[in-house]
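In what follows, a single structure is set out as structure tokens and then discussed.
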Amino acid sequence: MSESFPTDFVGLDSGRVSSILRTIEEGILLWNTDGYLMYANPAALVHFNDSEERSTGCHWSLLAQRCLSAEGLPCDGECFPLDRVLAGDANTRPVRLQVRSAEDQVRWLRVHTQPLTDIHGAVTGAVCSSVDVTRQVEQENSLKLQAHFDTLTGLPNRVLFSDRLDQALAHARRHRENLAVYMLDLDGFKIVNDSLGHPSGDQLLREVARRLHDSLRGDDTAARLGGDEFALLIGDLKTSGQCEQVVKRALDAVGAPYFIDGAEVRVTASIGVTLFPGDTMDPDQLLRHADQAMYKAKQAGKNRFSIFDPTLESRARANLGLIRKIEQALERQEFVLHYQPKVDCRAGRVVGLEALLRWNHPVLGQRMPGEFLPLIEHEDVIVSIGDWVIDEALREQARLRAAGHELTISVNIAARQLVRRQFAERLEAIVGEGCAGSVGRLEIEILESAALEDIGTVSGLIAGFQKRGIRFALDDFGTGYSSLVHLKRLAAGVLKIDQDFVRDMLDDPGDLAIVQGVVGLAAAFRRDVVAEGVEDMEHVRMLLSIGCDVMQGYGISRPLPVEAVEPWLRNFKPDPRWQAPLAEAARSGAALLPRTGRLR
Ligand code: C2E
Ligand code: MG
Ligand code: MG
């Protein structure tokens, strides 16, 4: 079978072939082996913007000069492979070319060049077919544009911004450069949109986009991520000052007045910045961090910027890990309570136990509350811990009651738990259970400073529950604001003098004055008073002499593990030395301060 077109077989003569070639939409160009054009049909002349006179006999390289590659580069042997085809390469692929008309209009062609051979396979020339694909390319481009650019402002959208951020990060890593990601949110845009209408809002967004774009260097990117949220990507930062200059320019550009429909409109911007290196290499996280910083700028009063602090973030992440570990520790019952006795040294009897949390960490051993509670005080898990502490302390109280020890149990409660509705409900339930032993023998210790934070809620809570038998103590008293007005409002039945004052009162007259002051206040407001941090006999003596009888501290007993509590209580005997200062005072006739003496 012949490879050449069988004109004889279908009964066509060459005249008929040319007339067909004249009418088809495809362009056909025939070249001789030297690369000169032998024939071009009318469609090809249109495609290549050529005339018959000009094209006849022209060398392919002249035609190629009038074309550009798909990327818009001058055409070379790659995009117009006639030389290769004439050398016998029958496997070239169709290529896309651009041809620019005299009116500067671009026509896109799909051109396929193949060799013409005789019956022996020798190359006798080449044929190019061309198809006009302008409409298809325009459609593709417009789709690409929609996928990468924001239709309202023409700025890159989130997709393109992410692409560019990826590239910029790779570049910055390779060349050890700095880059900054800015997240910008308009302040007050909603008001403009709601009051002037959406078309005006759109106009404003377009103008903001233009100003942001104009405030940057050519290589940097301003993008609209959605709504009134924009992002900037600044590469090759040399100094931190440069980073702030960009912010300042952006703030000034956005903050300048706008004139929309004859009205002057003003908006400002809040900007969050994060820097690479320093922050993570993950592009999504960089954006998130810039976003977090932007919220900080908003919270700090808007029309300003805030720079993301990676050290804070890593601390927050570490806390997140800790929160999970603490939740697990609760489930695995790794928490235990130790109990520290409170003793009325004047009466020589134990009046209560304070439950103190310990974490028996499987690897690190026993961890004290000061090591982990401050890190989670704002987290919900502190509430779960508090619930567990109350339940466990009440269980231990019941066990001790069964063994013949009727004692008040104190638990420490975090501020976060205190103001939760569930906490009040929990106390209601305890009151409701009505086991006479519990009610009136549960005491809640709250930090004085925490009580002052939300004095309205806390004072109501305290007043309500104290009437029904649950007592409240203000812990570490003296370290908060300690105003008389506040003390009057907070009906807490007990003041616990902070151990720092007690410990140093023997050497520091200022601390002694504070301890005396608190004892006096307690008497005046008819509250009980407990001294914490009583480490030795001298403390006991001094406290008794100034009228504070109830004490807690290593000098009396360290916090005891649960199994040691009952034996300690059973073997408790008042220290005879406690009586000495009282006897001495009685002998010398010294007037002791009024007793409050309401502790059970
Ligand atoms: P706090 O309620 O003021 O408890 C007194 C702290 O002082 C305890 O430390 C206790 O062991 C220690 N202490 C007692 N006597 C002496 C003494 O004579 N000298 C010295 N240097 N220290 C003494 P701990 O157990 O480490 O607890 C520290 C703080 O952690 C507590 O202070 C309390 O605010 C908090 N805490 C303890 N358990 C819990 C709990 O279950 N929940 C909450 N929210 N906080 C708790
Ligand atoms: Mg306490
Ligand atoms: Mg305390």
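Remember, it's 1-based here, ligands and their atoms both numbered in the order they're listed. In what follows, every heavy atom counts, from backbone to side chain, and hydrogens, waters and symmetry copies are set aside.
In terms of protein heavy-atom proximity, atom 11 (O) of ligand 1 is nearest to Pro559 CG, 3.4 Å. Among protein heavy atoms, atom 13 (N) of ligand 1 sits closest to Tyr554 CE2, 3.7 Å. Protein heavy atom closest to atom 24 (P) of ligand 1, with residue, atom name and distance, is Pro369 CG, 3.7 Å. In this structure, atom 4 (O) of ligand 1 lies nearest to the protein heavy atom Leu356 CD2, 3.6 Å. Among protein heavy atoms, the minimum distance from atom 42 (N) of ligand 1 is reached at Asn412 O, 3.2 Å. The protein non-hydrogen atom at the shortest distance from atom 21 (N) of ligand 1 is Glu535 OE2, 3.2 Å. For atom 15 (N) of ligand 1, the closest heavy atom belonging to the protein is Gln340 NE2, 3.0 Å. Annotation: atom 32 (O) of ligand 1 to nearest protein heavy atom, Asp475 OD2, 4.6 Å.
With a 4.0 Å cut-off on non-hydrogen atoms, Val411 does not touch ligand 1 at all. Neither the backbone nor the side chain of His338 has any atom closer than 4.0 Å to an atom of ligand 1 (non-hydrogen atoms only).
At least one heavy atom of Gln499 sits closer than 4.0 Å to an atom of ligand 1. Ligand 1 lies within reach of Gly533, whose nearest heavy atom is under 4.0 Å from it. Not a single heavy atom of Gln417 sits under 4.0 Å from any atom of ligand 1. Within the structure, ligand 1 has Glu354 among the residues with a heavy atom less than 4.0 angstrom away.
With distances taken over non-hydrogen atoms, the option nearest atom 45 (N) of ligand 1 out of Asp476, Leu373, Leu337 is Leu373.
A donor-acceptor contact shorter than 3.5 Å is absent between the side chain of Glu538 and the backbone of Leu506. With Tyr182 contributing its side chain and Phe230 its backbone, the two residues share no donor-acceptor pair below 3.5 Å. Judged by distance alone, with hydrogens and angles left aside, the side-chain atoms of Asp344 form no donor-acceptor pair with the main-chain N or O of Val351 at under 3.5 Å. Side-chain atoms of Glu371 come within 3.5 Å of backbone N or O of Met368 as a donor-acceptor pair.
Of the N and O atoms on the side chains of Lys342 and Thr408, not one donor lies less than 3.5 Å from an acceptor on the other residue. Side chain to side chain, Asp185 and Ser270 fail the donor-acceptor criterion of an N or O pair below 3.5 Å. Glu443 and Ser410 share a donor-acceptor pair across their side chains, judged by distance under 3.5 Å alone.
Of all the atoms in ligand 1, the ones that sit under 4.0 Å from a non-hydrogen atom of Arg358 are 11 (O), 24 (P), 25 (O). Here is the list of ligand 1 atoms found below 4.0 Å of a heavy atom in Val389: 41 (O).
Look at Glu392 and Arg395 and you find a salt bridge, because one of the NZ, NE, NH1 or NH2 atoms lies within 4.0 Å of a carboxylate O, short of that distance.
Between Trp388 and Phe335, the ring planes lie tilted relative to each other; the angle falls in the 30° to 60° range.
Panel detail: the Mg ion (ligand 2) has protein N, O or S atoms under 2.8 Å away, 4 in number.
Atom NZ of Lys298 is surrounded by more than 12 heavy atoms from other residues, nucleotides or ligands within 6.0 Å. Under a cut-off of 6.0 angstrom, the local environment of CD in Gln333 is sparse, with at most 12 non-hydrogen atoms contributed by other residues, nucleotides or ligands. Summarising the local packing, CZ of Arg176 is surrounded by 12 or fewer heavy atoms from other residues, nucleotides or ligands at distances under 6.0 Å.
Residues forming a side chain to side chain contact (heavy atoms under 4.5 Å, CB included) with Pro277 (at least two apart in sequence, or on another chain): Asn178.
With Tyr554 as the aromatic partner, Arg558 meets the cation-pi criteria of under 6.0 angstrom to the ring centre and within 45 degrees of the ring axis.
Of the protein's heavy atoms, none falls inside 4.0 Å of atom 9 (O) of ligand 1.
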task: List the steps, then state whether salt bridge (Lys or Arg N to Asp or Glu O under 4.0 Å) holds for Glu396 with Arg441.
output: CA-CA 12 Å; Glu396 177 58 14; Arg441 294 207 171 268; over 6 Å; no

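Ligand 1 has no nitrogen or oxygen under 3.5 angstrom from a nitrogen or oxygen of Gly370.
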